[in-house]
Amino acid sequence: MDGAFLHAIFDVAAWLSAAAAGWWLARGARVSFPKQSTEWPYVAALVFGAGLSAYLFGTLNLWLSGMTGLARSVEGALAGGIVAVELYKWRHGIALRTGARFALPLAVGIAVGRIGCYVAGLDDFTYGTPTSLPWGHDFGDGVLRHPVQLYESLAMAAFAALYIIAVFRRSGSIIANGFYLALLVYGLQRFAWEFLKPYGPVIGPLTLFHLLSLAIAAYAAVMLATAPQPKALHERAAA
């Protein structure tokens, strides 16, 4: 089956699994979240920022790596969504933190979506550098490479599992700050895997996505350091 078609299937699966994770949090686990995060202007700002930035960073990284064409980046989408939402909140005077709803959907969506990048093969340009490790994968050119897509998928799946445990334990602090914890984990693990990718460097050995990963991790760290103390929770956890 064509790699691009398989990728598209997993893209759809990623969105559906993310939606299912969000539904489970709100309906199954009965966790309440700020209503602002589901209002249409907020969602529109999020989607616009994420979509624009996905192509901006994906394509820029392609060019910096000596290639032409258009490309998308999940990390670019994440960064653009954050900036767009923060600007929207600033414009409308919203001081409340609204990201908690997206912690589990983000982790689950990336975990599933990266499998699509893996099965897409060389054309996706998300494969790793050559390796002699026993789990190296041949993407079709006879060279064993780091399956960095699976590294990222496993890292975010592990976060999702730990987050679900925290939800069952009704851990108010983790639920309230889950989005920033997810961003911190994502940024740090993505920074590590970037050393195993064949992307063009920007500063020393650091690629565009090294720098973006550091920016996302730094944003998350600041938000966690300045997080308000969650109120005591009983039957329903508020985030």
inquiry  = Is there a side chain to side chain contact (heavy atoms under 4.5 Å, CB included) between Leu214 and Phe191? Walk through the geometry before answering.
reply    = CA-CA 7 Å; Leu214 287 177; Phe191 180 83; 3.7 Å; yes
key: Test log, rule side chain to side chain contact (heavy atoms under 4.5 Å, CB included), inputs Thr126 and Tyr199   = CA-CA 9 Å; Thr126 55; Tyr199 297 158; 4.2 Å; yes
query = Which pair of non-hydrogen atoms, one from Phe102 and one from Ser37, has the smallest distance, and what is that distance?
reply = CZ-O, 3.9 Å
note = Rounding to 0.5 Å, atoms CD1 (Ile165) and CZ (Phe168) come to a distance of 9.5 Å
request  = Might you work through the side chain to side chain contact (heavy atoms under 4.5 Å, CB included) test for Val74 and Arg190, ending with a clear yes or no?
outcome  = CA-CA 11 Å; Val74 64; Arg190 178 69 187 259; 4.1 Å; yes
query = Would you call Gln36 and Val85 a side-chain contact if the rule is heavy atoms closer than 4.5 Å?
reply = no
inquiry  = If hydrophobic clusters are built by linking Ile, Leu, Val, Met, Phe, Trp and Tyr wherever their side-chain heavy atoms come under 4.5 Å apart, do Met223 and Tyr186 end up in the same one?
reply    = yes
ask   = Distance from Asp124 atom CG to Leu6 atom CG, nearest 0.5 Å?
value = 11.5 Å
remark   = Tightest non-hydrogen contact, residues Ala160 and Ala107, listed as CB-CB, 4.0 Å
request  = Look up atom OH in Tyr151 and atom CH2 in Trp193, then write down how far apart they are to the nearest 0.5 Å.
outcome  = 7.0 Å
request  = For Ser65 and Gly200, indicate whether the former's side chain and the latter's backbone hold a donor-acceptor pair under 3.5 Å.
outcome  = yes
request  = Could you tell me which non-hydrogen atom of Thr59 sits nearest to which non-hydrogen atom of Ala71, and how far apart they are?
outcome  = OG1-N, 3.2 Å
ask   = Considering only heavy atoms from C-beta outward, does the side chain of Leu150 approach that of Trp135 to under 4.5 Å?
value = no
Residue list, salt bridge (charged side-chain N to carboxylate O under 4.0 Å, His left out) with Lys89, at least two apart or on another chain = none
task = Look at the side-chain heavy atoms of Ile, Leu, Val, Met, Phe, Trp and Tyr, link any pair under 4.5 Å apart, and say whether Leu206 and Leu196 land in one connected group.
result = no
query = Is it true that a side-chain atom of Ser17 and a backbone atom of Gly109 form a donor plus acceptor pair closer than 3.5 Å?
reply = no
ask   = Heavy-atom distance under 4.5 Å between the side chains of Val167 and Leu104, does that happen here?
value = no
task = Using modelled atom types only, decide if a donor and an acceptor are shared between the side chain of His210 and the backbone of Thr207 within a distance under 3.5 Å.
result = yes
query = Going only through I, L, V, M, F, W and Y residues with side-chain contacts under 4.5 Å, is there a path from Trp40 to Leu87?
reply = no
query = Does a sphere of radius 6.0 Å around OH in Tyr219 hold more than 12 heavy atoms from other residues, nucleotides or ligands, not counting ones at 6.0 Å or beyond?
reply = yes
task = Check whether NZ of the Lys or CZ of the Arg Arg97 lies under 6.0 Å from the centre of the six-membered ring of Phe179 and within 45 degrees of that ring's axis.
result = no
request  = Check Ala45 against Ala84 and note the closest heavy-atom contact, atom names and distance.
outcome  = O-CB, 3.2 Å
query = Does the Arg101 side chain pair with the main chain of Thr38, one donor and one acceptor, at a distance under 3.5 Å?
reply = no
task = Please answer: with hydrophobic residues joined when any side-chain heavy atoms are less than 4.5 Å apart, are Leu60 and Met67 in the same cluster?
result = yes
ask   = Closest approach of Ala217 and Leu184, non-hydrogen atoms and distance?
value = O-CD1, 3.6 Å
query = Which heavy atom in Gly76 sits nearest to a heavy atom in Ser53, and how many Å separate them?
reply = O-OG, 2.8 Å
task = Mind checking the CD1-OH spacing from Ile94 to Tyr42? Nearest 0.5 Å is all I need.
result = 8.0 Å
query = Does Leu162 belong to the same Ile/Leu/Val/Met/Phe/Trp/Tyr cluster as Leu188, with side-chain heavy atoms less than 4.5 Å apart forming each link?
reply = no
query = What distance separates Leu211 CG from Ile203 CD1, expressed to the nearest 0.5 Å?
reply = 5.0 Å
request  = Evaluate side chain to side chain contact (heavy atoms under 4.5 Å, CB included) for Leu106 paired with Leu78, printing each intermediate quantity in order.
outcome  = CA-CA 9 Å; Leu106 172 66; Leu78 184 56; 4.0 Å; yes
key: Rounded distance (nearest 0.5 Å) linking atom OG1 of Thr98 with atom CD of Glu39   = 10.0 Å
message = Could you work out, with ring pair (Phe, Tyr, Trp, His ring centres under 6.0 Å) as the rule, every residue matching Phe10, not counting sequence neighbours?
response = none
inquiry  = Counting only heavy atoms from other residues, nucleotides and ligands, does the tally under 6.0 Å from CZ of Phe48 exceed 12?
reply    = no
task = Report the relative orientation of the aromatic rings in His137 and Phe139; use parallel for angles under 30°, tilted for 30 to 60°, perpendicular for over 60°.
result = perpendicular
inquiry  = Ser153 and side-chain contact (heavy atoms from CB on, under 4.5 Å): which single residue from Ile115, Val148, Ile110 fits?
reply    = Ile115
